[in-house]
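What's counted below: heavy atoms across the whole structure, side chains too, no hydrogens, waters or symmetry copies. Chain letters run A, B, ... following the sequence lines, proteins first and then strands; every chain starts at 1.
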Amino acid sequence: MQYHYHKHDVIIVGAGGAGLMAALYAGKEVDTAVISKLYPTRSHTGAAQGGIGAALANLEEDHWEWHAYDTIKGADFIGDQDAIEFMCKDAPNVVFELEHMGLPFDRTPEGKISQRRFGGHTNNETKQAVMRACNSADRTGHMILQTLYQQCIKHNVNFYDEYQMLDLIIEDGEARGVVAYEIDTGELHVFHAKAIMLATGGWGRVWNITSNALTLTGDGPAIVARHGLPLEDMEFFQFHPTGLFKLGILITEAVRGEGGVLINGKGERFMPKYAPTVKELASRDVVSRAIYLEVLEGNGIDGKDYVYLDITPKTVNHYFEVDNSRLPNGELRHIDEDYVRAKLEDITDFCKTYVGVDPTKEPIPVQPTAHYAMGGIPTDNDTRVIANENKDPIPGLYAAGECACVSVHGGNRLGTNSLLDIVVFGRRGGKVMAEEVKQKDFKPIDAESAVAKVQAELDAILNNQGTETIAAIQQEMKNIMSKDVGVFRVEEGMAEAVKKLRELRERYKHIHIDDKGKRFNTNLMEAWQLGNLLDIALITAESALARKESRGAHARDDFKERDDENWMKHTMAYLDADGNVTLKYKPVVVTKYQPVKRVY
Amino acid sequence: MQVTLKIQRFNPEKDSAPYWKEYTIEAEPTDRVLDGLLKIKLEQDGTLTMRSSCAHGICGSDAMRINGVNRLACKSLFQEVGNNVTVEPIAGLPVIKDLVVDMEPFMEHYRSVLPFFINDDPPPEKERLQSEEDRLKFEETTKCILCGCCTTSCPTFWATDAYVGPAAIVQAHRFIFDSRDQGSAQRLEILADPDGVWRCRTIFNCTNACPREIKVTEAIAEVKKEILFSKL
Amino acid sequence: MTTRYARTPKPSGSTFEVLSWFYMRASGALLALMVVFHLIWMHYVIGLTNIDFDVIAGRWTGPGGIFWRSYDLTLLILASLHGMNGIRFVTDDYIHNRGWRAVVKALIALVLLLMVVFGGLVIFTFNG
């Protein structure tokens with residue numbers, strides 16, 4: 001069996017914010033390498049727009065404790081409070097560190113980092129929105145990704161660009177290596193390591209309308225699940241309320257932070273009905289459901305399934321007056337066209353390019369879009385992957401970023417907390433891995449078997465004489481997931497989805513592809529990735545079917561209320577070789593805050 | 001509507017030279033060229049190979065020559081480019097397969113200009129202060145997504161790939177004009193090389209090609225001025 | 001004092017190129033003016049059909065002789081230097097072989113030398 005062999009103390013899979021931050025920290029101390037299926041600057045962190053949340057209090061009073069409470073409440077009380085407190089306390093630190101790395105934040109008149117309002121972030125006393133999101137125009141994610149990559153260049157981090165991870169090498173319950181496919185040449189590589197961190201991002205491609213890149217196919221979690229390890233809270237997938245109609249392209253929450261309002265087909269601003277205090281700045285699941293309900297009642301624009309997001313100065317200023325919305329210095333808030341164009345430059349570009357709308361003059365057509373995975377690979381607060389509900393760690397395996405579930409986002413994530421999550425836990429993971437590898441030796445691996453296993457998986461696709469196609473299976477999966485495991489769910493729908501997904505997984509075994517070559521075979525990679533999406537979709541549907549309550553992003557028409565007595569716990573889903581999903585449960589860590597009814 | 005795409009194909013394992021192949025699909029006027037390419041790949045020919053990721057103009061993966069002009073395939077709608085579209089890989093870089101080129105020479109030039117923040121003073125406890133005015137001086141060039149449209153549209157780069165290229169200069173500009181950065185002198189020295197800024201003939205192809213609408217030629221001119229005035 | 005980073009590549013900081021770039025623009029601007037003046041003088045003041053050896057000889061030996069000789073010498077030097085420097089720079093665009101570059105640049109230098117020396121000699125020593 002032909003393969004290339006590499007040895008590094010630490011291997012990080014994924015070169016987004018979490019992966020690069022971990023690489024910088026681990027790389028300072030030990031031999032580290034990053035494997036990424038994309039050139040690092042193509043990672044999806046670059047698409048994040050709004051900002052990174054931290055209680056700097058640069059413009060008005062704020063405290064990390066408020067940030068923590070907002071996050072806990074936003075998570076609908078299923079987030080682990082100790083992890084959340086750690087993240088929010090560390091936030092100002094990590095934001096200053098990014099600035100020291102050169103990140104070009106927007107600035108206040110005093111030259112400090114500028115902050116803006118964002119959904120779910122409040123002054124805990126007045127309950128009004130607080131300015132906590134630190135931003136760089138509306139391309140904060142792009143700036144974070146670029147800055148981290150620049151730092152990696154400065155510190156000579158090793159990169160294996162355009163290598164697709166295909167499997168983990170786990171022996172004696174310990175993670176010892178990674179098998180990857182070099183996309184350019186089609187050759188297999190074995191990476192022998194003492195510590196492996198998965199930072200592979202989300203899996204929005206399971207659904208039809210998504211903000212996620214084509215490459216977000218849940219590779220890390222799928223591989224982990226196939227090794228018999230659990231995935232946590234998979235039923236909690238966030239649908240961001242404002243994706244561009246039909247395309248799903250993200251229109252940042254920052255638009256609402258700057259004063260944007262949601263208008264239905266009758267010309268009404270409907271959010272005050274659903275969230276009387278903060279209105280458009282309620283947490284995302286609340287807003288998505290509001291839009292969904294309005295559409296269901298026939299109040300969509302022209303009766304269709306979208307509403308308007310209006311950031312035209314005329315409308316915004318009108319509602320500032322209606323709401324009596326004021327700046328910290330007491331002045332009535334007011335915006336003009338230049339302000340919108342400057343603060344929301346990229347959004348203005350998307351709207352003009354894709355729907356021919358100038359947001360300073362017309363409202364933007366939006367609908368909920370599959371956006372973020374709150375669940376994923378379960379870890380402890382130091383990013384160590386755990387094997388079960390008792391939190392036994394798997395030596396050598398770590399996870400951070402969207403693909404991990406610490407859990408800091410619980411049932412629903414607040415905006416600006418993802419950019420925060422990735423840098424906080426990327427940093428933490430990098431440090432922990434560096435410490436831990438110094439205390440252990442390389443263990444032997446059976447590279448031959450590992451490669452043979454992967455080659456067999458690839459051959460099963462390459463040599464397949466079946467008649468199933470990527471196109472058909474992919475579309476059917478997306479259709480069933482969008483219909484039955486989307487914003488609103490019911491028993492029959494989810495059961496139907498589970499059944500259908502099982503069928504699709506069987507049919508997938510007979511998938512054939514056109515490209516049988518070795519060089520840059522993206523056809524093969526897409527087919528392999530579809531397998532991941534199917535596994536993840538099945539686990540998601542099963543986890544959702546079992547949870548008989550509505551909480552955070554998991555909303556059921558047949559169980560409309562939150563049930564803390566029976567369901568305040570994390571789901572741990574195990575996939576077996578026959579495609580059966582076994583569900584177990586893990587308690588939520590509560591430090592200070594008992595659950596209360598969630599109102600905005 | 002019916003759209004015909006004439007695409008440059010090349011399989012390094014079989015072909016000795018690139019060739020053209022035509023495909024016809026049904027598409028909406030508001031569909032992206034990338035949507036068209038992916039449709040062909042899914043429904044007609046799975047061997048068609050291209051890079052793509054975000055599909056909305058932010059990652060820079062799918063830079064291509066569409067109707068002879070460098071664009072991002074995911075930001076080009078059929079209502080703009082018409083229904084008879086030519087698609088080829090970007091020029092000046094070696095073609096690996098179909099629409100995929102070797103980005104390494106481009107990335108090497110980028111890495112050579114010290115494209116990272118340099119400030120050796122111990123950082124303050126909180127943020128370094130910077131006025132909005134100072135930040136705006138380099139805001140344009142922070143928008144760069146390293147898509148390669150500019151460098152691969154430059155005739156000088158086509159003639160000699162030793163030229164560091166507009167993208168690298170833009171990335172260097174971002175730091176040279178950042179009031180917090182202290183590495184200007186080193187970067188200006190690197191760019192004052194004959195294969196640095198001086199190779200720019202102010203042709204403006206780069207500015208036209210940039211999908212982020214960065215005024216590339218202007219940025220390069222600012223660097224030239226900076227070198228001149230710091231040497232004189 | 002800033003730390004040097006190991007990644008700095010080829011030796012650089014070519015002051016020659018900075019000055020060369022500046023010269024091309026400064027001489028270009030001057031040449032633009034001088035050439036226009038020259039064309040106007042030749043086409044309209046003298047008249048194209050009237051130009052012959054005697055006219056030029058008369059210019060250089062007559063009362064305005066110093067002015068015309070200086071003007072023509074300046075034009076010669078500025079233009080030859082501008083032109084040959086331009087070709088020098090362009091050879092690096094199209095000729096990648098180091099050996100051939102050396103040959104071509106040597107030829108350019110030779111042509112420049114010949115133009116300036118012989119042209120200058122003519123202008124200075126012309127005696128009618």
Leading residue by heavy atom contact count with chain A [cutoff under 4.5 Å; candidates B:Leu42, B:Asp102, B:Leu48, B:Leu136]: B:Leu42
Given heavy-atom pairs under 4.5 angstrom as the criterion, report whether the side chain, backbone, both or neither of A:Met143 touches chain B. side chain
Let's test your reading of the structure: which of B:Glu104, B:Gln79, B:Met50 forms the most heavy-atom pairs below 4.5 Å with chain A? B:Glu104
Quick one: side chain to side chain donor-acceptor pair (under 3.5 Å) partners of B:Lys137, sequence neighbours excluded? B:Asp134
B:Gln130 versus chain A, heavy atoms under 4.5 Å apart: side chain, backbone, both or neither? both
Backbone of B:Phe117 reached by a side-chain donor or acceptor of A:Lys154 within 3.5 Å: yes
B:Arg128 side chain reached by A:Phe96 side chain, heavy atoms, under 4.5 Å: no
Do A:Thr522 and B:Lys41 have a side chain donor and acceptor closer than 3.5 Å? yes
With only heavy atoms counted, which part of A:Glu162 is less than 4.5 Å from chain B, the side chain, the backbone, both or neither? side chain
Given that the side chain runs from C-beta out, which part of B:Leu146 has a heavy atom under 4.5 Å from chain A: side chain, backbone, both or neither? both
With a 4.5 angstrom heavy-atom cut-off, which part of A:Lys516 approaches chain B: side chain, backbone, both or neither? neither
Where does B:Arg135 contact chain A at under 4.5 Å (heavy atoms): side chain, backbone, both or neither? side chain
Any donor-acceptor N/O pair, A:His100 side chain to B:Lys126 backbone, under 3.5 Å: yes
B:Ile145 and A:Arg42 have their tightest heavy-atom pair at O-NH1, 3.1 Å
Note: A:Asp184 and B:Ile96 closest approach over all heavy atoms is OD1-CG2, 3.5 Å
Sort B:Pro115 into side chain, backbone, both or neither according to what part of it lies under 4.5 angstrom from a heavy atom of chain A. both
Would you mind checking which part of A:Phe105 comes under 4.5 Å of any heavy atom in chain B, side chain (CB onward), backbone (N, CA, C, O), both or neither? backbone
Do A:His44 side-chain atoms and B:Ser53 backbone N/O form a donor-acceptor pair below 3.5 Å? no
Quick one: pull up OG1 in A:Thr41 and CD1 in B:Ile58 and give me the separation to the nearest 0.5 Å. 12.0 Å
Which pair of heavy atoms, one from B:Glu139 and one from A:Ala137, lies closest together, and at what distance? OE2-CB, 4.3 Å
Please say which of B:Thr47, B:Thr49, B:Asp98 ends up in a side-chain contact (heavy atoms from CB on, under 4.5 Å) with A:Phe520. B:Thr49
Starting at CD of B:Glu132, measure out to OG1 of A:Thr108 and round the result to the nearest 0.5 Å. 8.5 Å
Correct closest heavy-atom pair for A:Pro104 and B:Thr142 would be CG-CG2, 3.9 Å
Might you point out which heavy atoms bring A:Asp515 and B:Lys97 nearest each other, and give the distance in Å? OD2-NZ, 2.9 Å
Toward chain A, the part of B:Lys143 with a non-hydrogen atom under 4.5 Å: both
What residues of residues 166-175 of chain B sit under 4.5 Å from chain A when only non-hydrogen atoms are counted? B:Gln171, B:Arg174, B:Phe175
Between A:Tyr354 and B:His56, is the ring centroid distance below 6.0 Å? no
In plain terms, say whether A:Lys246 and B:Glu28 are close enough for a salt bridge, that is, a side-chain N and a carboxylate O under 4.0 Å apart. no
Could you check which of A:Ala213, A:Ala527, A:Gly102 has the highest count of heavy-atom pairs closer than 4.5 Å to chain B? A:Gly102
Looking at B:Glu133, I'd like to know if its CD atom is crowded, meaning that more than 12 non-hydrogen atoms belonging to other residues, nucleotides or ligands lie closer than 6.0 Å. no
Under 3.5 Å, is there a donor-acceptor pair between the A:Gln150 and B:Tyr110 side chains? no
Engaged part of B:Met103 at the chain A interface, taking heavy atoms whose separation is under 4.5 Å: both
Output yes when B:Arg212 and A:Asp349 qualify as a salt bridge under the 4.0 Å nitrogen-oxygen rule, no when they do not. no
Evaluation steps, side-chain hydrogen bond (donor to acceptor under 3.5 Å, both in side chains), between A:Asn58 and B:Glu127: CA-CA 11 Å; A:Asn58 277 355; B:Glu127 67 264 59; 2.9 Å; yes
Under a 4.5 Å heavy-atom cutoff, which of B:Cys147, B:Gly57, B:Cys59 has the most pairs with chain A? B:Cys59
B:Phe116 and A:His155: CA distance, side-chain angles, deciding distance, side chain to side chain contact (heavy atoms under 4.5 Å, CB included) verdict: CA-CA 10 Å; B:Phe116 43 77; A:His155 295 286; over 6 Å; no
When only pairs under 4.5 Å are counted, which of A:Ile513, A:Asp106, A:Ile470 shares the most heavy-atom pairs with chain B? A:Asp106
Let me know if A:Thr469 has heavy atoms under 4.5 Å from chain B in its side chain, its backbone, both or neither. neither
Between A:Phe350 and B:Lys75, is the side chain to side chain contact (heavy atoms under 4.5 Å, CB included) condition met? List the steps. CA-CA 9 Å; A:Phe350 292 148; B:Lys75 271 188 105 169; 5.8 Å; no
Using 0.5 Å steps for rounding, measure from the SG atom of B:Cys54 to the CG atom of A:Leu214. 8.5 Å
Side chain, backbone, both or neither: which part of A:Leu524 has an atom under 4.5 Å from a heavy atom of chain B? neither
Okay, side chain of A:Arg107, backbone of B:Ser131: is any donor-acceptor separation there less than 3.5 Å? no
Quick one: do B:Arg180 and A:Glu99 make a salt bridge, cutoff under 4.0 Å? yes
Given heavy-atom pairs under 4.5 angstrom as the criterion, report whether the side chain, backbone, both or neither of A:His142 touches chain B. side chain
Take a 6.0 Å sphere around CD of B:Glu213 and say whether it holds more than 12 heavy atoms from other residues, nucleotides or ligands. no
